[in-house]
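To start, the structure under review is shown below, and the notes come after it.
As the structure is a computational prediction, the values presented were derived from the model and not from experiment. Counting convention: from 1, in listed order, for ligands and their atoms alike.
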Amino acid sequence: MRLHSQSFRAPVSYSTSFNPSMERVREWRDTLFFNRFPGFCDGFKEAPAICRKEVQDYINEVEKLARTLYKMIFQSLGLENKYINTDVPDIPRTLMGINYYPPCPNPSLTLGLGSHSDVSCLTVLHPDSEVLGLEINHKGTWVPVLPVDASAFVINLADQVEILTNGKYRSIEHRVLTNGEKARMSIACFFGPLEETVVAPLPVLIDGNNPPKYRATLFKDYNRNFASSRLQPNRGTLDFARI
Ligand SMILES: O=C(O)CCC(=O)C(=O)O
Ligand SMILES: [Fe+2]
């Protein structure tokens, strides 16, 4: 319990969900978070010695993947590299959560993780390849995400990408079910802008036929709204910026 903290600013922290104080029903998971916050802290350097090298090696590779994919998202919309390099906010902020969902004696009473969309730019998720549980909301129906193979990642587009692309890409609503018999593990790495970054639809994607759907918000305020609320279904975190 030495590491227990609900602060997203703690370099290394342990918690039982994103915001237990707001839950009507307790979620069924434990998470160890490592937080790399340039200019402020590097939780990977402070990781427990028993796993420090492993989490550092893992995050260094996954960061490269995330930056490549992030750039490709904007390239796929026809934006030039020069514009992407100067006008699309960088994603220097990394939060890694190692999730453990213990077996739940009564799975119908709670979820491992309630319905939400991720609030940063994109998430590289390593789901458990044997124990199912992750579901996405596809047009109103919950669909299980089936493992491709043990080394496959799942990439979630998150709220800030929806805002930057003015809704051309949508952040995905997802949740994790509990399992009556087996424990499940996953590693979620969230990549986002610095807190002082203002995020707004990219001007190049706005015109008379595509008016802005979101206002400009400081990422710090967006994050604070997420952290101080109950986990929001129906991609409710986006309401904070929706026009
Ligand atoms: O455990 C999973 O598969 C998903 C985790 C997740 O959605 C999250 O940590 O935001
Ligand atoms: Fe998530």
Would you say the side chain of [Y] lies within less than 4.5 Å of the side chain of [X], judging by non-hydrogen atoms?
| X | Y | answer |
| --- | --- | --- |
| Tyr58 | Cys189 | yes |
| Val161 | Cys121 | yes |
| Ile206 | Asn166 | yes |
| His116 | Asp118 | yes |
| Leu79 | Leu202 | yes |

### Sphere of radius 2.8 Å around the Fe ion (ligand 2) - protein N, O or S atoms inside
His116 NE2, Asp118 OD1, His174 NE2

### Task
Could you list the residues that satisfy ring-ring contact (aromatic ring centres under 6.0 Å, His included) with Tyr169, not counting sequence neighbours?
none

Would you mind checking which non-hydrogen protein atom is closest to [atom], with the distance to 0.1 Å?
| atom | value |
| --- | --- |
| atom 6 (C) of ligand 1 | Leu113 CD2, 3.3 Å |
| atom 3 (O) of ligand 1 | Arg184 NH2, 2.8 Å |
| atom 4 (C) of ligand 1 | Val176 CG2, 3.7 Å |

Which of the numbered atoms in ligand 1 are below 4.0 angstrom from a heavy atom of [X]?
| X | result |
| --- | --- |
| Ala188 | 9 (O) |
| Ser186 | 1 (O), 2 (C), 3 (O) |
| His174 | 7 (O) |
| Arg29 | 9 (O) |
| Asn99 | 1 (O), 5 (C), 9 (O) |
| Phe190 | 8 (C), 9 (O), 10 (O) |
| Tyr101 | 1 (O), 2 (C), 4 (C), 5 (C) |

### Query
Between Asp118 and ligand 1, is there a nitrogen or oxygen pair with a distance under 3.5 Å?
yes

### Task
Please confirm whether Arg215 makes a cation-pi placement over Phe240, using NZ or CZ under 6.0 Å from the six-membered ring centre and within 45° of the ring normal.
yes

#### Entry: Cation-pi, Phe37 ring and Arg93 (6.0 angstrom, 45 degrees)
yes

#### Entry: Interatomic spacing from CD in Glu135 to CG in Leu146 - rounded to 0.5 Å
10.0 Å

### Task
Determine the interplanar angle of the Tyr222 and Phe219 rings, folded into 0 to 90°, and report it as parallel if under 30°, tilted if 30 to 60°, perpendicular if over 60°.
parallel

### Query
Only one of Asp57, Val12, Thr94, Asn35 clears side chain to side chain contact (heavy atoms under 4.5 Å, CB included) with Phe44; which?
Thr94

### Min heavy-atom dist Arg175 to ligand 1 below 4.0 Å
no

### Query
Is the side chain of Thr197 donor-acceptor paired with the backbone N or O of Pro193 at a distance under 3.5 Å, no angle test?
no

#### Entry: ligand 1-proximal atoms of Val154, by part, heavy-atom distance under 4.0 Å
neither

